[in-house]
Chemist: 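The structure is given below, and queries will be raised subsequently.
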Amino acid sequence: MYRKLFFWGNVVLFVLLILAIAKDTFRPWMPYQRAYRRMQAAAEAAPEARRIILGRPIQIKQTILTDLGEVDRCITCHQGMDPIATPTLANAFTDNPHKAHPSDFLKNHPPETFGCVTCHRGQGLSTTFIDAGHTPRDEAQKAAWKKKHGWEPADHWEYPMLTGPYLQASCVKCHGDFESLHGLEAAVRGKRLLRAHGCMGCHQWRGEGGPVSVDLAEETANKPLSRIDFSNTGLDPEDRTLLNWIRLHFVKDPWALVPGDPAAKYNAEPIAPSGMPDFRDELSEEDAAALTTYILSGQSANIPHTYHVSGPKEPTFQSLRFGSRAQAGKWVYDQYGCAGCHGLNGKGGRRNFNYTGGLEPALVKSVATFTREELREKIEDGVMVVTKEDPQGPTPPLYMPPWKDKIKGEEMEALLDYLFSIGEKQEEWGG
Ligand code: HEC
Ligand code: HEC
Ligand code: HEC
Ligand code: HEC
Ligand code: HEC
């Protein structure tokens, strides 16, 4: 009886041992490395070189980037990008993971000091296709990857790889000069749109901006998934990423994303839906991707000073030259995000839930009813409590912030000139 148990026990142990060895011998990355050796050797004419290539060990390749606090194993599979495995045959193969890296990226950023995830994101330590955090660039590639690699998002990993234009978010973190670099059009455009459409009237960027909503760099770009309510996004669980949450704010109606509880069905007090305007008739899909790219660049990263490339200083009111004081005022209007609530060029159209009339004042219609002093005072003091359309309904999410701590002196004078210049009954004021 005991002997039998002993015998079978040993058989089980033996089988487990074989399985353990097998698992070690057939790691998911190994076939890629073996195939690379074979292909590389076949492309090599000299027998001596072939022998050396085939003699290279099959092993995990890792780069330890102490400065960046990262360990990077991507080249374990992406052998065509391993500077040691690929001295001569850089462009011999055309398919991932064996092809060489496109363009000059690795020349300008040697893998020994930059690794891969500083640009691509993903999980550097992983050696499987799924855990590395590969992100398909579109639905067709997603379907193909599901078939071929059993693709799904990496478990417990919040920084999947960035693809397409979104990859540019990484460059901005190091390159203060990104606006003059080639290939960063989306990031540059995103930065410009953030000013032009008045996002900064409500949001901040690293502390600067209006008081109504969150800091897009410090808070949004670093928002953990657990703090995002995806329930109204219509996204499949596999698409519930921070990137998509941000992007949806420009391609969907924010009232649908963040509907609040205006009829107080679930809460003691009614809650207005999102104060975020619906930008769909102002922003294209490409604009949405550009804004998302630039916002993602706000993600904090442990990048030491030696990796930073400095750029020109941000232009200021003082450093810029304008054709007239009214034109200078247009710059002030955009810089502080007045358009966020009052629309492009003060034309209005932005909504405010349960605010009298529902829409923010169109300044082109109302400035002419103020004297210069009244207008200055209105802008300096703001209007913290606005009137409700339905007294029982929720507090409107938007109010007029006071600007006196931010806009002063010449900036204020220029802004007033600009506002009077766009006012529709301007001629009655006789300049
Ligand atoms: C287990 C092997 C393996 C590891 C580890 C791995 N990759 Fe890949 N990678 C692949 C394969 C295979 C493909 C090609 C997939 C396909 O198109 O079928 C690929 C494709 C890619 C692509 C191209 C995606 C596209 O748009 O076609 C990028 C970028 C990439 N990998 C980056 C990385 C980075 C960065 C890492 C490290 C965090 C990494 N990979 C780790 C196997 C790997
Ligand atoms: C300086 C930033 C940067 C670094 C560092 C970097 N890459 Fe890339 N990589 C890019 C960009 C940008 C692209 C897209 C290029 C394009 O589409 O023209 C890219 C493209 C790729 C592709 C897709 C190639 C294709 O066309 O299918 C793969 C795979 C890849 N990189 C892997 C890696 C690996 C592995 C490393 C580390 C050895 C690495 N990259 C390091 C920026 C970088
Ligand atoms: C981790 C920081 C870091 C990231 C991320 C990064 N770079 Fe760089 N890049 C550098 C540094 C440092 C240099 C070297 C600058 C020098 O030698 O003056 C450099 C050099 C370059 C150069 C050549 C020198 C020049 O300024 O013309 C180009 C082009 C470039 N990077 C583009 C990119 C692009 C595009 C991306 C994103 C795909 C990117 N970089 C991502 C830090 C970074
Ligand atoms: C967060 C939204 C928001 C931002 C940003 C904002 N405003 Fe307002 N503004 C309002 C609201 C709401 C009112 C209406 C207050 C009321 O009901 O009395 C208002 C009223 C005004 C008025 C009075 C117009 C009228 O018809 O009563 C002026 C002038 C004005 N804002 C100028 C500006 C300027 C200039 C800026 C940029 C420096 C700016 N606002 C930024 C929300 C905003
Ligand atoms: C009138 C004020 C206002 C303006 C203008 C505005 N937003 Fe918002 N935004 C909000 C409010 C309020 C929220 C929070 C509620 C929500 O998630 O919809 C928000 C949410 C967001 C979020 C999600 C933030 C998070 O941390 O979950 C993003 C991203 C965003 N806005 C980007 C932008 C961009 C980019 C612009 C300019 C094109 C912009 N917003 C203009 C008021 C505004």
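Every number for a ligand or one of its atoms is a count from 1 in the order of the listing.
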Chemist: Is it true that D72 and T63 share a donor-acceptor pair across their side chains at a distance under 3.5 Å?
Modeler: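 The criterion, which ignores hydrogens and geometry beyond distance, is not satisfied for D72 and T63.
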Chemist: With distance as the sole test, does R121 use its side chain to make a donor-acceptor pair with the main-chain N or O of E158 at under 3.5 Å?
Modeler: no
Chemist: Any N or O of T220 that comes nearer than 3.5 Å to an N or O of ligand 5?
Modeler: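 T220 vs ligand 5: N/O contact under 3.5 Å present.
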Chemist: side-chain contact (heavy atoms from CB on, under 4.5 Å), that's the test. Do K330 and N345 meet it? Break it down for me.
Modeler: CA-CA 8 Å; K330 159 84 166 116; N345 305 311; 3.3 Å; yes
Chemist: Applying a strict 4.0 Å limit to heavy atoms, is I246 in contact with ligand 5?
Modeler: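 Under 4.0 Å: yes for I246.
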Chemist: Considering both backbone and side-chain atoms of K148, is one of its nitrogen or oxygen atoms within less than 3.5 Å of a nitrogen or oxygen in ligand 1?
Modeler: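 Checking ligand 1 against K148, an N or O pair does fall under 3.5 Å apart.
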Chemist: Tell me, which protein residue and heavy-atom name are nearest atom 32 (C) of ligand 1, and how many Å apart are they?
Modeler: M161 SD, 3.5 Å
Chemist: Between F114 and Y307, is the ring pair (Phe, Tyr, Trp, His ring centres under 6.0 Å) condition met? List the steps.
Modeler: CA-CA 9 Å; F114 286 85; Y307 284 84; 5.1 Å; yes
Chemist: Short question: side chain of Q123, backbone of D131 - any donor-acceptor pair under 3.5 Å?
Modeler: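 Side chain of Q123 to backbone of D131: a pair is present.
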Chemist: Measure L194 to ligand 5 on non-hydrogen atoms and call it side chain, backbone, both or neither using the 4.0 Å cut-off.
Modeler: side chain
Chemist: Run the contact test for P397 against ligand 5 with a 4.0 Å cut-off on heavy atoms, strictly below, and give the result.
Modeler: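 P397 does not count as a contact of ligand 5 under the 4.0 Å cut-off.
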Chemist: Taking only heavy atoms of V117, which atoms of ligand 1 are found under 4.0 Å from at least one of them?
Modeler: 38 (C)
Chemist: Can you see whether W255 has R351 sitting over its ring - NZ or CZ less than 6.0 Å from the centre and within 45° of the normal?
Modeler: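 R351 over W255 ring: yes.
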Chemist: Under 4.0 Å from any heavy atom of H149, which atoms of ligand 1 are there?
Modeler: 12 (C), 15 (C), 16 (C), 18 (O)
Chemist: Considering only heavy atoms, which of H203, H249, R195, E282 lies nearest to atom 31 (N) of ligand 5?
Modeler: H203
Chemist: Check whether any heavy atom of G210 sits under 4.0 Å from an atom of ligand 4.
Modeler: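 It does not; every heavy atom stays at 4.0 Å or beyond.
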Chemist: For atom 3 (C) of ligand 4, what's the nearest protein heavy atom and its distance?
Modeler: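 Heavy-atom neighbour on the protein nearest atom 3 (C) of ligand 4: C341 SG, 2.6 Å.
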Chemist: Between W403 and ligand 4, is there a nitrogen or oxygen pair with a distance under 3.5 Å?
Modeler: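 There is no such contact.
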Chemist: Quick one: nearest non-hydrogen protein atom to atom 11 (C) of ligand 4, plus distance?
Modeler: M400 CB, 3.7 Å
Chemist: Answer with yes or no whether T163 contacts ligand 1, where contact means a heavy atom under 4.0 Å from a ligand atom.
Modeler: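 For ligand 1, residue contact (heavy atoms, under 4.0 Å) with T163 is absent.
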Chemist: With a 4.0 Å heavy-atom cut-off (strictly under), which part of C199 contacts ligand 5: side chain, backbone, both or neither?
Modeler: both
Chemist: Once you restrict to heavy atoms under 4.0 Å, what part of Q123 touches ligand 1? Side chain, backbone, both or neither.
Modeler: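 Backbone only; the side chain of Q123 stays clear of ligand 1.
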Chemist: Short list, please: which atoms of ligand 4 are under 4.0 Å from a heavy atom of G337?
Modeler: 5 (C)
Chemist: Give the atom numbers and elements of ligand 1 that come within less than 4.0 Å of a heavy atom of C77.
Modeler: 1 (C), 2 (C), 3 (C), 4 (C), 5 (C), 42 (C), 43 (C)
Chemist: Could you tell me which atoms of ligand 1, counted from 1 in the order shown, lie closer than 4.0 angstrom to a heavy atom of H120?
Modeler: 29 (C), 35 (C)
Chemist: Just to be sure I'm reading this right: ignoring hydrogens, which of H342, E377, M200 gets closest to atom 21 (C) of ligand 4? Compare them by their nearest heavy atoms.
Modeler: H342
Chemist: Against heavy atoms of R137, which atoms of ligand 1 measure under 4.0 Å?
Modeler: 25 (C), 26 (O)
Chemist: Are the side chain of H109 and the backbone N or O of F105 linked by a donor-acceptor pair below 3.5 Å?
Modeler: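 Yes.
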Chemist: Indicate yes or no for a side-chain donor-acceptor contact from R350 to the backbone of A339 under 3.5 Å, with no hydrogens or angles considered.
Modeler: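 Yes; at least one donor-acceptor contact below 3.5 Å.
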Chemist: What protein heavy atom sits nearest atom 27 (O) of ligand 4, and how far away is it?
Modeler: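 Atom 27 (O) of ligand 4 sits closest to the protein heavy atom F370 CZ, 3.9 Å.
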Chemist: Side chains of T387 and T356: do they bring a donor and an acceptor to under 3.5 Å?
Modeler: yes
Chemist: How close does the nearest protein non-hydrogen atom get to atom 12 (C) of ligand 4, and which residue and atom is it?
Modeler: E360 OE1, 3.3 Å
Chemist: Of all the atoms in M276, is at least one N, O or S atom closer to atom 8 (Fe) of ligand 5 than 2.8 Å?
Modeler: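 True for M276.
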Chemist: Any atom of ligand 5 sitting under 4.0 Å from a heavy atom of G201?
Modeler: no
Chemist: Side chains of D239 and N244: do they bring a donor and an acceptor to under 3.5 Å?
Modeler: no
Chemist: Just to confirm my output: which protein heavy-atom neighbour is closest to atom 1 (C) of ligand 5, and how far is it?
Modeler: C202 SG, 2.7 Å
Chemist: How far is atom 28 (C) of ligand 4 from the closest protein heavy atom, and which atom is that?
Modeler: L363 CD2, 3.5 Å
Chemist: Out of curiosity, is T128 lining ligand 1, as in a heavy atom under 4.0 Å away?
Modeler: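 Yes, T128 has a heavy atom closer than 4.0 Å to ligand 1.
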Chemist: Provide the number and element of each atom of ligand 4 under 4.0 Å from a heavy atom of K378.
Modeler: 22 (C), 23 (C)
Chemist: Looking at L415, which atoms of ligand 4 are within less than 4.0 Å of one of its heavy atoms?
Modeler: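 Close to L415: 35 (C).
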Chemist: Could you tell me the residue and atom name of the protein heavy atom closest to atom 6 (C) of ligand 1, and the distance to it rounded to 0.1 Å?
Modeler: H134 CE1, 3.3 Å
Chemist: Which is it for L398 and ligand 5 at heavy atoms under 4.0 Å: side chain, backbone, both or neither?
Modeler: side chain
Chemist: Atom 38 (C) of ligand 1: which of C74, P28, G122 has the nearest heavy atom?
Modeler: C74
Chemist: Report the nearest protein non-hydrogen atom to atom 25 (C) of ligand 1: residue, atom name, distance rounded to 0.1 Å.
Modeler: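 For this ligand atom, the closest protein heavy atom is Q141 NE2, 3.4 Å.
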Chemist: Between ligand 4 and I407, can you find any atom pair, the residue atom being a heavy atom, that is separated by under 4.0 Å?
Modeler: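 It does, in that a heavy atom of I407 comes within the 4.0 Å cut-off of ligand 4.
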Chemist: Determine, using heavy atoms of K223 and all atoms of ligand 5, whether some pair is separated by less than 4.0 Å.
Modeler: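 The answer is yes, since K223 has a heavy atom less than 4.0 Å from ligand 5.
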Chemist: E389 side chain to G357 main-chain N or O, any donor-acceptor pair under 3.5 Å?
Modeler: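 It does hold such a pair.
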Chemist: Name the closest protein heavy atom to atom 16 (C) of ligand 1, giving the residue it belongs to and the distance to 0.1 Å.
Modeler: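 Heavy-atom neighbour on the protein nearest atom 16 (C) of ligand 1: W145 NE1, 3.2 Å.
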Chemist: Short question: side chain of N354, backbone of T395 - any donor-acceptor pair under 3.5 Å?
Modeler: no
Chemist: Could you tell me whether the side chains of Y418 and Q327 share a donor-acceptor contact shorter than 3.5 Å?
Modeler: no
Chemist: Does the residue Y355 have a heavy-atom contact with ligand 4, meaning some pair of atoms that are separated by less than 4.0 Å?
Modeler: yes
Chemist: Please check: side-chain N/O of S319 versus main-chain N/O of T316, any donor-acceptor pairing under 3.5 Å?
Modeler: yes
Chemist: Yes or no: does V212 have any heavy atom under 4.0 Å from an atom of ligand 5?
Modeler: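 False for this residue.
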Chemist: Does Y32 reach ligand 1 with a nitrogen or oxygen that is under 3.5 Å from one of the ligand's nitrogen or oxygen atoms?
Modeler: no
Chemist: Checking a contact table here: which protein heavy atom is nearest atom 29 (C) of ligand 4, and how many Å away?
Modeler: L375 CD1, 3.3 Å
Chemist: Which heavy atom of the protein is the closest neighbour of atom 42 (C) of ligand 1, given with residue, atom name and distance?
Modeler: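 For atom 42 (C) of ligand 1, the nearest protein heavy atom comes out as F129 CD1, 3.7 Å.
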Chemist: Check contact between G340 and ligand 4, using heavy atoms of the residue and a distance below 4.0 angstrom.
Modeler: no
Chemist: Does a side chain donor of either H98 or Q79 reach within less than 3.5 Å of an acceptor in the other side chain?
Modeler: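 Q79 and H98 do not have a side-chain donor-acceptor pair below 3.5 Å.
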Chemist: Is it true that E314 and K191 have a side-chain N and a carboxylate O under 4.0 angstrom from each other?
Modeler: yes
Chemist: What's the shortest distance from atom 23 (C) of ligand 1 to any protein heavy atom, and which residue and atom give it?
Modeler: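 Answer for atom 23 (C) of ligand 1: N96 ND2, 3.4 Å.
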Chemist: When you measure from atom 37 (C) of ligand 4 to every protein heavy atom, which one gives the shortest distance, and what is it?
Modeler: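 In this structure, atom 37 (C) of ligand 4 has C338 SG, 1.9 Å as its nearest protein heavy atom.
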Chemist: Tell me the protein heavy atom at minimum distance from atom 24 (C) of ligand 4, and give that distance in Å.
Modeler: S366 OG, 3.5 Å
